[in-house]
Amino acid sequence: MIRFDHVGKTYPGGTTAVEDFSLTIDSHASVVLVGTSGSGKTTLMRMVNRMVDPTSGRVLIDDEDVAGVDPVKLRRSIGYVMQASGLLPHRTVAENVATVPLLEGVSRRRSRSRALALLEMVGLDHRLGDRYPSQLSGGQQQRVGVARALASDPNILLMDEPFGAVDPIVRAELQKELLRLQSELGKTILFVTHDIDEAFLIGEQVVILRPGGEIAQQGTPAEILADPADDFVESFVGSGVGKRALHVDEVSGQQVVLDAGDRPVGVLREGSRS
Amino acid sequence: MSWVLANLPLLAERLLAHLGQSIPPIVLAFVLAIPIAKLANARGWLRGGLTAGAGLLYAVPSLPLFIVLPIILGTGIRSTVNIIVALTIYGLALMVPSASEALRAVSRDTLQSATAQGYAPLARFLRVELPLAGPALVAGLRVVAVSTVSLVTVGGVLGVPSLGMLFIDGFQRSITAEILAGIVLTAALAIALDLLIMLGGRLALPWSRVRGEGVR
Amino acid sequence: MSQLLEAFSWLADPTRWSGTDGIPTRLLEHLWYTALGVVVAAVIAVPIGLLVGHTGRGRGLVVALSGAARALPTLGLITLFGLWLGIGLKAPILAFVVLAIPSLLAGAYSAVESVDPRTVDAARAQGMTEWQILSRVEVPLGLPLLISGFRLAIVQVVATVMLASYIGNGGLGRFIFLGLQLQDYPQMLAGSILVVALALVLDVALRVLERLLAPRGAARG
């Protein structure tokens with residue numbers, strides 16, 4: 001369980017990234033913080049592994065204040081995936097995945113076999129293990145980033161716009177893969193994005209942030225869609241402009257779904273869920 | 001200090017001689033480097049070769065160059081022409097790669113839009129490309145100036161009059177003040193030229209002052 | 001041109017290649033002084049440069065220092081130290097160290113600074129200590145620039161060692177200054193050829209080393 005308890009962050013220059021933020025994330029839940037740039041979402045996420053220390057309030061993991069934990073030890077116990085994979089360009093893929101186990105003193109051979117197994121787990125051929133990151137595609141690099149984050153078998157996974165830099169088709173693939181992984185592993189995931197569709201896809205709980213880390217609305221995707229708290233949320237999720245208000249019309253014997261502007265967005269099929 | 005006061009005319013004479021050997025190489029290197037760089041940028045192999053050659057040339061110590069050059073130039077070893085040619089070569093070794101880089105950094109889009117507006121090639125080069133490369137060219141010229149002023153002193157060991165003679169004379173006659181005066185004057189001359197070029201650059205390229213955010 | 005031929009016949013004379021004032025002895029002296037100066041300077045400058053690069057503190061000072069050092073005339077420092085410290089190794093070594101420090105300092109800090117900050121951020125987020133970030137990420141990735149700093153320092157000191165022969169030290173510069181005294185131009189030429197050859201060989205060797213030590217996998221910019 002991760003708990004933000006009235007945290008705030010003001011930088012020495014005087015800019016306030018986060019005013020006063022409180023949130024509890026249950027174990028094994030996947031929670032998405034979504035907001036535009038300046039909403040403080042990344043700052044909040046980085047408070048969990050002490051990449052940022054709050055200037056007020058506390059962050060607790062399983063009721064223990066992280067401020068009292070050695071940052072290096074804390075970071076090794078938490079998986080972290082970032083936008084630009086952040087892989088070490090001078091180490092092979094397998095060595096990158098094994099970074100934390102190697103730092104923790106696990107033998108080279110055991111780290112390597114674990115790294116290769118993890119590569120398979122995130123959907124990569126283990127033979128890619130001996131390549132360098134620059135020899136991989138962007139999507140493959142992000143998969144390696146996920147494998148690296150999982151290497152120490154952490155309870156918590158922090159994901160900072162992990163699929164933001166890849167093209168839409170690859171992004172959709174990676175999102176599906178993450179959902180599959182999560183159904184197998186049941187980690188506590190804190191995910192940050194500016195893409196509301198991604199937030200609704202990944203998050204069991206979605207937290208929409210206003211600038212300064214103020215919570216505009218928090219709930220399941222269905223709750224937010226059904227009952228947007230205010231105009232800000234409405235415009236953010238797109239229901240204000242009619243993108244989410246759909247209706248059905250019959251065209252050549254098919255139930256076609258149209259948006260508020262009568263543009264077709266899909267076809268309704270009975271009982272098909274996948 | 002008293003030595004300095006008693007020898008002000010000598011110091012002034014050495015300073016002038018020093019300046020006389022510093023300015024021509026700095027100016028020549030700058031003026032010659034731009035067309036060479038422009039030519040090199042048009043041909044990849046030439047650019048690669050010149051950059052590599054310039055790097056190697058800069059590794060050659062100055063005194064041996066002062067000694068070898070007279071064979072080719074037919075000048076005497078104590079001739080200031082010899083010093084000026086040698087330092088122009090060093091200046092080019094620094095300035096050609098720097099100018100080539102500066103010209104390459106000018107945005108292709110800007111140049112194409114200039115062509116589209118009807119600039120002839122030469123006018124485009126003089127009125128668009130050169131001014132835009134200006135700030136980087138000025139930065140390169142400043143390095144050339146400081147390095148040249150410092151290298152002129154080496155001619156002192158060969159007996160070419162410059163501030164470098166103060167080191168030789170001061171050492172042989174054990175006058176610390178003379179050596180110190182030489183060091184201070186050389187450094188001051190280098191810094192003065194550096195500032196002058198910087199200010200000149202700002203006057204000639206007024207927009208370069210407002211840069212700094214965003215660009216690079 | 002005949003003087004050039006004389007210089008080569010001076011070099012080809014077998015008696016020059018042995019004895020306490022022969023070319024091999026002078027060459028070894030030259031290399032020994034260079035190594036001594038660069039190693040002492042590196043012990044001082046490299047840790048400071050790495051620290052400046054890693055923390056980002058004192059960067060302005062380092063830039064100003066290496067700029068100011070370029071304005072200092074080498075010959076002035078050598079004669080000044082020679083007058084203060086007298087005959088012996090102390091004066092020239094001090095000059096070599098002072099002149100080698102700026103290149104090494106700049107090489108070390110720019111090596112660390114050249115590393116993509118996102119890579120460093122990721123390494124920190126994985127739980128590397130600051131020391132591990134420096135030693136396992138920043139130094140290996142910045143190695144070519146660090147070596148390039150060494151190359152510039154070595155080339156600079158080779159030239160300075162030559163000038164230091166003027167105040168009575170060994171090294172290949174001896175031939176040049178002896179030739180100057182005796183008005184023996186071919187000997188000056190021969191000494192010059194030797195110094196240039198040494199500088200070029202060292203420069204090229206270090207450039208090759210830069211290439212070889214560039215981390216595999218990392219795209220070179």
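Convention: sequence-line order gives letters A, B, ...; per-chain numbering from 1.
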[X] portion near chain B, given a 4.5 angstrom heavy-atom threshold:
{"X": "Met188(C)", "answer": "both"}
{"X": "Leu83(C)", "answer": "both"}
{"X": "Leu75(C)", "answer": "both"}
{"X": "Arg207(C)", "answer": "side chain"}

If you count heavy-atom pairs under 4.5 Å with chain C, which of [options] comes out on top?
{"options": "Val152(B), Val146(B), Leu65(B)", "result": "Val146(B)"}
{"options": "Leu151(B), Val157(B), Val60(B)", "result": "Val157(B)"}
{"options": "Ala145(B), Pro64(B), Pro61(B)", "result": "Pro64(B)"}

Where Leu200(C) and Ala59(B) come nearest, the two heavy atoms and their spacing |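 Result for this residue pair: CD2-CB, 4.4 Å.
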Heavy-atom distance under 4.5 Å between the side chains of [X] and [Y], does that happen here?
{"X": "Pro70(B)", "Y": "Gln3(C)", "result": "no"}
{"X": "Leu56(B)", "Y": "Asp203(C)", "result": "yes"}
{"X": "Pro73(C)", "Y": "Leu163(B)", "result": "no"}
{"X": "Val195(C)", "Y": "Leu63(B)", "result": "no"}

Straight-line distance of [X] [atom1] to [Y] [atom2], nearest 0.5 Å:
{"X": "Phe167(B)", "Y": "Leu163(C)", "atom1": "CZ", "atom2": "CG", "value": "11.0 Å"}
{"X": "Leu80(C)", "Y": "Ile179(B)", "atom1": "CG", "atom2": "CD1", "value": "5.5 Å"}
{"X": "Ser150(B)", "Y": "Leu72(C)", "atom1": "OG", "atom2": "CG", "value": "7.5 Å"}

Among [options], which residue has the highest count of heavy-atom pairs closer than 4.5 Å to chain B?
{"options": "Leu180(C), Leu198(C), Leu194(C)", "value": "Leu180(C)"}
{"options": "Leu77(C), Ile167(C), Val204(C)", "value": "Ile167(C)"}
{"options": "Val155(C), Val196(C), Ile78(C), Leu189(C)", "value": "Leu189(C)"}

Checking [X] against chain C: side chain, backbone, both or neither under 4.5 Å from a heavy atom?
{"X": "Val149(B)", "answer": "neither"}
{"X": "Gln172(B)", "answer": "side chain"}
{"X": "Ile168(B)", "answer": "both"}

Any sub-3.5 Å donor-acceptor pair from Tyr185(C)'s side-chain atoms to Ile67(B)'s backbone N or O?
->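 Yes.
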